[in-house]
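Working notes for the structure below.
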Amino acid sequence: MSGPNPVEVQDASLAYRLSHNRAGTLKEFAIRLVKRQVQYERLWAVKGVSFSVPRGEVFSIIGPNGAGKSTLMKMIARVLPPTAGRIVVRGSVSPMIELGAGFNPELTGYENIVLYGTLLGRDPSYMRGRAPAIAEWAELTDFLDVPIRSYSSGMLARLGFAVATDVKPEVLLVDEVLSVGDEAFQRTSKLRIEEMIADGTSVVFVSHNLGTVKEVASRVMWLDHGVAKMVGKPAEVVKAYQGSV
């Protein structure tokens with residue numbers, strides 16, 4: 001497949017600022033801020049990470065809790081800008097980073113399909129027309145007019161996945177979604193991802209399920225304390241990671 005890579009991460013880092021000067025009130029904090037008495041420490045969640053994802057590849061990120069995996073995914077999704085380095089994402093992106101992100105629990109399934117699709121950059125009228133088919137694929141037709149606050153986590157996962165993948169994006173970001181729901185949902189979602197990959201979609205996939213990682217990934221990156229420890233073939237990287245823990 002020719003052309004530039006849909007995802008290019010070049011020496012990317014992200015730091016959170018932590019204040020060492022606790023203030024009892026907002027007024028006290030503002031006074032300290034004006035007097036430059038507030039001291040900050042930088043906490044590096046991601047540091048100096050580089051990789052690229054060609055068209056039609058599944059690139060998986062593994063590592064322990066707190067390794068920076070979700071932060072890196074939000075950087076690729078353009079939710080968090082890098083503190084240093086550069087991230088280039090070419091084409092449309094469908095992020096499935098946090099279960100239910102972009103949903104309003106007080107709205108119905110139908111209303112959330114339109115809302116989430118609009119947040120992904122799709123035309124609201126198009127989403128209204130697609131809502132019945134999306135609900136049918138997610139097996140939620142009978143719950144389309146029910147507020148999603150009554151949905152189970154599995155139902156939310158099916159709805160989010162169905163909306164995100166209804167239109168083939170250039171880049172699909174998946175964070176643990178395939179580990180949610182029953183076996184039937186996991187099977188159908190994997191089939192849809194395989195179809196998208198065959199059509200050239202690039203997938204960045206975060207999971208603690210190392211068996212799934214070895215099964216679906218083309219390459220794997222092991223992230224630890226925000227630093228890329230190893231990038232390579234799934235079996236080799238997973239083996240090295242398991243040996244470290």
Side-chain angles (χ1 to χ4, degrees), residues 1 5-7 53-61 69-70 72-74 76-79 89-104 107-141 143-144 148 151-207 209 212-213 215-218:
M1 298 181 182
N5 294 323
V7 179
V53 185
R55 290 187 69 228
E57 180 178 78
V58 180
F59 186 88
S60 184
I61 305 172
K69 303 184 299 296
S70 294
L72 181 56
M73 292 284 273
K74 290 175 183 177
I76 299 171
R78 304 169 179 145
V79 174
V89 181
R90 297 179 174 92
S92 60
V93 180
S94 286
M96 298 198 65
I97 297 176
E98 293 181 0
L99 190 62
F103 288 155
N104 184 326
L107 299 181
T108 65
Y110 173 85
E111 292 167 332
N112 272 288
I113 288 173
V114 177
L115 172 64
Y116 188 34
T118 303
L119 291 175
L120 292 175
R122 300 168 195 167
D123 185 80
S125 60
Y126 170 82
M127 294 307 303
R128 285 191 285 270
R130 287 295 300 163
I134 291 172
E136 182 179 0
W137 189 91
E139 299 180 357
L140 294 172
T141 299
F143 301 92
L144 200 54
I148 66 167
Y151 283 22
S152 67
S153 59
M155 293 166 71
L156 284 174
R158 296 203 304 272
L159 184 64
F161 186 88
V163 176
T165 60
D166 183 58
V167 174
K168 183 184 79 68
E170 276 73 28
V171 179
L172 177 65
L173 307 178
V174 184
D175 190 348
E176 290 293 355
V177 172
L178 297 185
S179 64
V180 179
D182 56 26
E183 291 184 10
F185 167 68
Q186 294 181 27
R187 196 162 47 245
T188 54
S189 59
K190 285 179 182 178
L191 286 174
R192 175 166 280 194
I193 287 179
E194 288 172 1
E195 293 172 358
M196 296 170 70
I197 294 168
D199 287 337
T201 294
S202 302
V203 179
V204 183
F205 171 46
V206 166
S207 180
N209 188 328
T212 300
V213 168
E215 179 185 347
V216 304
S218 309

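Values below: all heavy atoms of this structure, side chains included; hydrogens, waters and symmetry mates excluded.
- Looking only at side-chain heavy atoms (C-beta outward), R130 and V167 stay at 4.5 Å or farther from each other.
- Contact detail for N5 and P54: the closest heavy-atom pair is OD1-CA, 3.4 Å.
- In this structure the side chain of Y126 reaches within 4.5 angstrom of the side chain of D166, judged on heavy atoms.
- When all heavy atoms of A164 and L120 are compared, the closest pair comes out as CA-CD1, 4.0 Å.
- In this model, a donor atom of one side chain and an acceptor atom of the other lie less than 3.5 Å apart for S92 and E170.
- In this structure, V7 and F59 have side chains that are not in contact, with every pair of non-hydrogen atoms separated by 4.5 Å or more.
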(request) Under the side chain to side chain contact (heavy atoms under 4.5 Å, CB included) rule, what do E111 and N104 come out as? Steps first, then yes or no, please. (result) CA-CA 9 Å; E111 292 167 332; N104 184 326; over 6 Å; no
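- When each of L173, V171, V53 is paired with V89, the side-chain contact (heavy atoms from CB on, under 4.5 Å) condition holds for V171 and for no other.
- When every heavy atom of V163 is checked against every heavy atom of M127, the shortest pair comes out as CG1-CE, 4.1 Å.
- Taking each heavy atom of A131 and I113 in turn, the nearest pair found is O-CD1, 3.8 Å.
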(request) Under the side chain to side chain contact (heavy atoms under 4.5 Å, CB included) rule, what do W137 and T188 come out as? Steps first, then yes or no, please. (result) CA-CA 9 Å; W137 189 91; T188 54; 4.3 Å; yes
(request) Applying side chain to side chain contact (heavy atoms under 4.5 Å, CB included), run through L159 and I148 and close with a yes or a no. (result) CA-CA 10 Å; L159 184 64; I148 66 167; 4.3 Å; yes
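- To the nearest 0.5 Å, the span separating OG1 on T165 from CE on M196 amounts to 5.5 Å.
- For the atom pair CD1 of I197 and CG of L172, the computed distance is 8.5 Å after rounding to the nearest 0.5 Å.
- In this structure, the salt bridge (Lys or Arg N to Asp or Glu O under 4.0 Å) partners of E215, at least two apart in sequence or on a different chain, are K190.
- Within the model, atoms CG of N112 and OG1 of T118 stand 11.0 Å from one another, a figure rounded to the nearest 0.5 Å.
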(request) Applying side chain to side chain contact (heavy atoms under 4.5 Å, CB included), run through I76 and V93 and close with a yes or a no. (result) CA-CA 9 Å; I76 299 171; V93 180; 5.9 Å; no
